[in-house]
**Student:** 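Mind having a look at this structure? Questions to follow.
In what follows, every chain begins at residue 1, and chains take the letters A, B, ... in the order their sequences are listed.
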Number of protein chains: 2
Amino acid sequence: MESKTAVAALAALAHESRLAGYRLLVQAGPDGLSVGDLQASTGIPPATLTHHLHALRRAGLIADTRDGRSIICRVDYAQMNALLAFLTENCCGDASACAPRTVCKPDRPTRRNRP
Amino acid sequence: MESKTAVAALAALAHESRLAGYRLLVQAGPDGLSVGDLQASTGIPPATLTHHLHALRRAGLIADTRDGRSIICRVDYAQMNALLAFLTENCCGDASACAPRTVCKPDRPTRRNRP
DNA sequence: TCCATAGTTCTAGAATAATAGAATAGATGG
DNA sequence: CCATCTATTCTATTATTCTAGAACTATGGA
């Protein structure tokens with residue numbers, strides 16, 4: 001991962017609302033959540049939520065697909081792992097002693113929720 | 001870890017200069033680096049570097065101790081691990097399947113560099 | 001076609017963060 | 001105790017991000 005990508009990802013996460021939304025998506029797993037679900041969970045006004053989701057998208061942390069009237073957001077787990085790996089890269093001068101390479105390898109989305 | 005602590009830590013890392021400095025410290029391990037070392041590596045003017053280091057300190061990501069005229073900065077590995085754990089907490093709805101609890105357990109600082 | 005639902009874009013004022021020069025403080029050696 | 005080295009604080013300017021109302025677009029059902 002490039003430094004600029006990591007900065008963008010960290011900046012995207014460095015906000016109470018966005019971090020909360022991202023964590024909900026991480027916990028939701030590969031099926032993701034709709035924008036409406038996120039709005040219901042967080043109580044953020046639609047325009048503000050869109051603004052925040054856009055920041056997460058630009059950073060490559062989440063991706064979304066339309067499902068009828070809803071838009072389903074999902075975490076990009078590869079990007080999540082890459083970010084964690086970047087932070088801990090060569091930790092203590094010896095990569096093998098510290099951080100693992102992969103944190104999460106989620107299953108495919110269920111058929112119901114696949115794009 | 002509390003959400004506000006995580007946001008503060010992420011915000012502190014969400015900057016090219018600070019991220020670079022933090023990663024240098026992560027790789028330096030428990031012995032840390034002096035402010036002067038960091039300045040030499042990054043080329044950032046002193047006042048600006050202090051400003052950035054202060055952000056990392058406030059966020060609890062690094063701590064420092066004076067050693068003669070120098071100030072030695074070290075990563076707080078517990079905080080680093082807590083942040084990574086917070087991001088991946090209950091990942092995919094099942095903590096045990098995904099993220100590990102601890103990433104790095106560094107040795108104590110060498111005697112030479114201990115406070 | 002008409003309506004309700006789900007999200008986005010536009011906009012602009014308010015708040016926060018970044019940058020770095022100059023002055024300052026703290027430690028050590030001569 | 002003075003010069004020097006190391007780093008911080010003060011300050012002001014510039015730049016970026018946040019917030020959310022209002023208007024708009026897209027989808028699907030009646």
**Student:** Under 4.0 Å, heavy atoms only, any strand: does B/Ser34 hit a base, just the sugar-phosphate, or nothing?
**Tutor:** sugar-phosphate

**Student:** Taking the side chain of A/Arg69 as its heavy atoms from C-beta onward, which of D/dT9, D/dT6, D/dG28 lies nearest to it?
**Tutor:** D/dG28

**Student:** Under 4.0 Å between a Lys/Arg side-chain N and an Asp/Glu carboxylate O for B/Arg23 and A/Glu89?
**Tutor:** yes

**Student:** If the threshold is 4.0 Å, N to carboxylate O, is there a salt bridge linking B/Arg57 and B/Asp64?
**Tutor:** yes

**Student:** Using whole Å, report how far NE2 of B/His54 lies from P of D/dT8.
**Tutor:** 10 Å

**Student:** Please state how far atom CZ in B/Arg66 lies from atom P in D/dT8, giving the value in whole angstrom units.
**Tutor:** 8 Å

**Student:** Does A/Thr48 reach a base, just sugar-phosphate, or nothing at all? Heavy atoms under 4.0 Å.
**Tutor:** base

**Student:** Can you tell me how far P of D/dT8 sits from CD1 of B/Ile44, to the nearest Å?
**Tutor:** 13 Å

**Student:** Rounding to an integer number of Å, can you tell me how far A/Arg58 CZ sits from D/dT16 P?
**Tutor:** 13 Å

**Student:** Using a 3.5 Å distance criterion without hydrogens, assess whether the side chain of A/Gln39 forms a donor-acceptor pair with backbone atoms of A/Ser34.
**Tutor:** no

**Student:** Please state how far atom NE2 in B/His51 lies from atom C1' in D/dA7, giving the value in whole angstrom units.
**Tutor:** 16 Å

**Student:** Do the side chain of A/Thr5 and the main chain of A/Met1 share a donor and acceptor less than 3.5 angstrom apart?
**Tutor:** no

**Student:** Verify, without hydrogens or angle tests, whether A/Thr88 (side chain) and A/Leu84 (backbone) share a donor-acceptor contact under 3.5 angstrom.
**Tutor:** yes

**Student:** Could you check whether any side-chain N or O of A/Arg18 sits under 3.5 Å from a backbone N or O of A/Ala11, counting only pairs where one atom can act as donor and the other as acceptor?
**Tutor:** yes

**Student:** Identify the 5'-most and 3'-most nucleotides of DNA chain C with at least one atom closer than 4.0 Å to a non-hydrogen atom of chain B.
**Tutor:** C/dA18 to C/dT28

**Student:** Which residue, B/Gly36 or A/Ala14, contacts DNA chain D at a nucleotide closer to its 5' end, judged by nearest heavy atom?
**Tutor:** B/Gly36

**Student:** Answer with base, sugar-phosphate or nothing: what part of the nucleic acid does B/Ser70 contact at a heavy-atom distance below 4.0 Å?
**Tutor:** sugar-phosphate

